[in-house]
Amino acid sequence: TFVVGENCIKCKHTDCVEVCPVDCFYEGPNFLVINPDECIDCALCEPECPASAIFSEDELPEGQEVFIELNAELSQVWPNITEMKDSPEDAAEWDGVPGKLQYLER
Ligand code: SF4
Ligand code: F3S
C-alpha cells in the first residue's frame, strides 16, 4: 500500500486525489490519508504530490512508521475526497518543516 506521510500536514495540495483510480483518499482538516485496504499499489499518486509526501509503505522515511497506522485509522473516520481543491494559503511555508505531526488536526 501507499502511505501519506508527514509533509502533507499543513500542505495538503490534493493533486493526489485526482489520479487515484480507486478513489481511496480521505480528508481531514489539514492532512489526507490513504485507505490501505482500498489502495491497489498503482503508484500513480506518488509523483503527483508537490510536497513529495506519498511513499510506498516499504519506502517510508525513517521515523515516519507511525503514519502507516494513522492512514489506516483516519481513513475509517474521515470523508472521501476525489476532487482537487485549493491548498492552504500558507502551504509553501510549511513545505519541508520537520516535526509537523504535532500539528495534525483530527
Ligand atoms: Fe490510489 Fe494508486 Fe496512490 Fe494507491 S498508489 S492511493 S491506488 S493512486
Ligand atoms: Fe498531501 Fe501531497 Fe496529496 S500534500 S494532499 S499528499 S498532493
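Counting starts at 1 for both ligands and their atoms, in listed order. One-based numbering along the sequence shown. Keep in mind that this is a model prediction, so the values were computed, not measured.
Under the 4.0 angstrom criterion for non-hydrogen atoms, Pro50 is in contact with ligand 2. Ligand 2 is approached by Lys12 to a heavy-atom distance shorter than 4.0 Å.
Heavy-atom proximity to Cys16, at under 4.0 Å, picks out these atoms of ligand 2: 3 (Fe), 5 (S), 6 (S), 7 (S). Counting atoms of ligand 1 from 1 in the listed order, those under 4.0 Å from a heavy atom of Val22 are 7 (S). Taking every non-hydrogen atom of Ala43 and a distance limit under 4.0 Å, the qualifying atoms of ligand 1 come out as 2 (Fe), 5 (S). Near Ile34, meaning under 4.0 Å from any of its heavy atoms, are these atoms of ligand 1: 6 (S). Taking every non-hydrogen atom of Asp15 and a distance limit under 4.0 Å, the qualifying atoms of ligand 2 come out as 7 (S). Atoms of ligand 1 found under 4.0 Å from any heavy atom of Phe2, numbered from 1 in the order shown, are 5 (S). Counting the atoms of ligand 2 from 1 in the order shown, those under 4.0 Å from a heavy atom of Cys49 are 2 (Fe), 4 (S), 6 (S), 7 (S). For ligand 1, the atoms sitting less than 4.0 Å from at least one non-hydrogen atom of Cys42 are 2 (Fe), 5 (S), 7 (S), 8 (S), numbered in the order shown with element in parentheses. Contact atoms of ligand 1 toward Phe25: 6 (S) (distance under 4.0 Å to a heavy atom of the residue). Each of the atoms 3 (Fe), 5 (S), 7 (S) of ligand 2 lies under 4.0 Å from some heavy atom of Thr14.
With respect to Leu70, the side chain to side chain contact (heavy atoms under 4.5 Å, CB included) criterion is satisfied by exactly one of Glu65, Arg106, Gln64: Arg106. When each of Leu104, Val33, Ile9 is checked for a side chain to side chain contact (heavy atoms under 4.5 Å, CB included) with Phe67, only Ile9 meets the rule.
Among protein heavy atoms, the minimum distance from atom 1 (Fe) of ligand 1 is reached at Cys20 SG, 2.3 Å. In terms of protein heavy atoms, atom 3 (Fe) of ligand 1 is closest to Cys45 SG, 2.3 Å. Nearest non-hydrogen protein atom to atom 4 (Fe) of ligand 1 is Cys39 SG, 2.3 Å. Residue, atom and distance of the protein heavy atom nearest to atom 7 (S) of ligand 1 are Ile40 N, 3.4 Å.
Both Leu60 and Ile54 belong to a single network of hydrophobic side chains, linked directly or stepwise wherever heavy atoms of I, L, V, M, F, W or Y lie under 4.5 Å apart. In the hydrophobic clustering of ILVMFWY residues, with side-chain heavy atoms under 4.5 Å counting as a link, Leu44 and Ile40 come out apart. Following chains of ILVMFWY side-chain contacts shorter than 4.5 Å, one can reach Val97 starting from Phe55, so the two form part of one hydrophobic cluster. A single hydrophobic cluster is seen to contain both Trp78 and Val4, as judged by linkage of ILVMFWY side chains at heavy-atom distances under 4.5 Å, directly or through other members.
For Asp86, the CG atom counts as loosely surrounded, since its 6.0 Å shell holds 12 or fewer non-hydrogen atoms of other residues, nucleotides or ligands. Surrounding CD of Glu62 are at most 12 heavy atoms belonging to other residues, nucleotides or ligands under 6.0 Å away. No more than 12 heavy-atom neighbours from other residues, nucleotides or ligands sit within 6.0 angstrom of CD on Glu83.
Taking 4.5 Å as the limit, every side-chain heavy atom of Pro36 sits out of range of all side-chain heavy atoms of Glu57. With a 4.5 Å cut-off on side-chain heavy atoms, Ile34 and Val3 do not count as touching. Between Tyr26 and Leu32 the shortest side-chain heavy-atom distance does not fall below 4.5 Å.
Contact annotation for Cys24 and ligand 1: only side-chain heavy atoms (C-beta onward) come within less than 4.0 Å of the ligand. The proximity of Ile54 to ligand 2, defined as any non-hydrogen pair under 4.0 Å, is limited to the side chain.
Contact annotation: Cys8 places an N, O or S atom under 2.8 Å from atom 1 (Fe) of ligand 2.
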